[in-house]
Amino acid sequence: MKILLIDDSEFILQRLELLLGELEQVSEIRSAMSAEAGIPLLQVYKPDIIILDINLPGKNGLQMLKNDIRSLKNIHPLVIIFTNNTVSGYKAECLQYGADYFLDKARDFHVIPSIIEKTSREARHVQQS
């Protein structure tokens, strides 16, 4: 599975790359520190999974989800919103605009590998059907 990380924190990107790099289901990881840097990667890289922060410089993650990711016709990546903004009412809005998961950076790092593994199993099952 190809994963695209979009977060403006180099620390978060490095931590996610280390965590996900250990998973056998992950074939490649790319990262961007803004929506503007991530948008071109959507068409070229065609990620299976996007891990997206809300607070980004310039266009925020919610705008990117709504206007760029879910408007694509040829790819339908699983989108994990990974944010510190968990109490501000963003969850319902993110899910409404097509996020598959809404996770808290402070508590949910450990959840991401299980989501990747589950998604990989489901993709294999669909391919075998």
Side-chain angles (χ1 to χ4, degrees):
M1 304 201 92
K2 296 188 296 186
I3 299 177
L4 176 59
L5 310 174
I6 304 172
D7 198 299
D8 62 338
S9 167
E10 195 165 321
F11 172 76
I12 295 294
L13 291 175
Q14 289 174 352
R15 189 164 172 204
L16 285 169
E17 287 173 4
L18 284 172
L19 179 69
L20 300 175
E22 297 176 356
L23 300 176
E24 67 181 42
Q25 296 88 349
V26 176
S27 61
E28 193 175 352
I29 301 169
R30 300 256 178 113
S31 62
M33 294 188 75
S34 69
E36 289 78 9
I39 290 169
L41 292 173
L42 294 174
Q43 289 290 353
V44 175
Y45 182 54
K46 295 183 179 11
D48 300 298
I49 298 173
I50 298 172
I51 301 177
L52 177 64
D53 188 14
I54 292 175
N55 286 335
L56 297 169
K59 180 184 282 194
N60 70 38
L62 184 57
Q63 293 167 325
M64 184 180 184
L65 173 66
K66 179 181 174 185
N67 300 323
D68 301 299
I69 297 170
R70 291 307 182 211
S71 67
L72 295 171
K73 302 296 182 214
N74 59 339
I75 63 168
H76 304 282
L78 179 110
V79 177
I80 301 170
I81 297 294
F82 196 49
T83 184
N84 287 321
N85 291 330
T86 58
V87 294
S88 57
Y90 277 117
K91 182 176 183 176
E93 196 171 5
C94 288
L95 296 174
Q96 174 188 345
Y97 290 123
D100 297 287
Y101 294 90
F102 188 89
L103 303 179
D104 184 342
K105 284 182 184 178
R107 295 190 323 253
D108 294 332
F109 263 95
H110 71 283
V111 176
I112 294 173
S114 63
I115 292 171
I116 305 294
E117 291 166 356
K118 176 184 176 206
T119 303
S120 178
R121 279 193 310 274
E122 290 171 355
R124 279 195 311 266
H125 180 73
V126 168
Q127 289 173 348
Q128 293 172 353
S129 299

Validation: residues 93-102 side-chain donor-acceptor distances under 3.5 Å, sequence neighbours left out:
residue	atom	partner	partner atom	Å
D100	OD2	R70	NH2	3.0
D100	OD2	V79	N	2.7

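- Looking at D53, I54, N55, T83 one by one, the single match for side chain to side chain contact (heavy atoms under 4.5 Å, CB included) with D7 turns out to be D53.
- Separation of atoms NZ (K59) and OG (S34) is listed at 10.5 Å; rounding is to 0.5 Å.
- With hydrophobic clusters built from ILVMFWY side chains whose heavy atoms lie under 4.5 angstrom apart, I81 does not share a cluster with F109.
- Counting only heavy atoms from C-beta outward, the side chains of I6 and L4 approach each other to under 4.5 Å.
- Annotation: the span from R15 atom CZ to L20 atom CG amounts to 11.0 Å, rounded to 0.5 Å.
- Grouping the Ile, Leu, Val, Met, Phe, Trp and Tyr side chains by contacts below 4.5 angstrom, directly or via other members, places L23 with I115.
- Put simply, the side chain of I75 does not reach to within 4.5 Å of the side chain of Q43, judged on heavy atoms.
- Just one residue in the list I69, L5, L41, L65 forms a side chain to side chain contact (heavy atoms under 4.5 Å, CB included) with I50, and that residue is I69.
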Evaluation steps, salt bridge (Lys or Arg N to Asp or Glu O under 4.0 Å), between R30 and E28: CA-CA 7 Å; R30 300 256 178 113; E28 193 175 352; 2.9 Å; yes

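- Here the CE-CG distance, from M64 to N60, works out to 11.0 Å after rounding to the nearest 0.5 Å.
- Atom CD1 of I49 sits about 7.0 Å away from atom CD1 of I51, to the nearest 0.5 Å.
- Within 6.0 Å of NZ on K46 lie more than 12 heavy atoms contributed by other residues, nucleotides or ligands.
- Within the 3.5 Å criterion, the main-chain N or O of V111 finds no donor-acceptor partner in the side chain of D108.
- Atom-to-atom distance recorded for E24:CD and I116:CD1 is 13.0 Å, nearest 0.5 angstrom.
- Counting only distance, with no hydrogens or angles, the side chain of K2 and the backbone of S27 share no donor-acceptor pair below 3.5 Å.
- The structure places CG of N84 at 12.0 Å from OH of Y90, a figure rounded to the nearest 0.5 Å.
- Looking at every heavy atom in both residues, I29 comes nearest to G21 through CD1-N, 3.8 Å.
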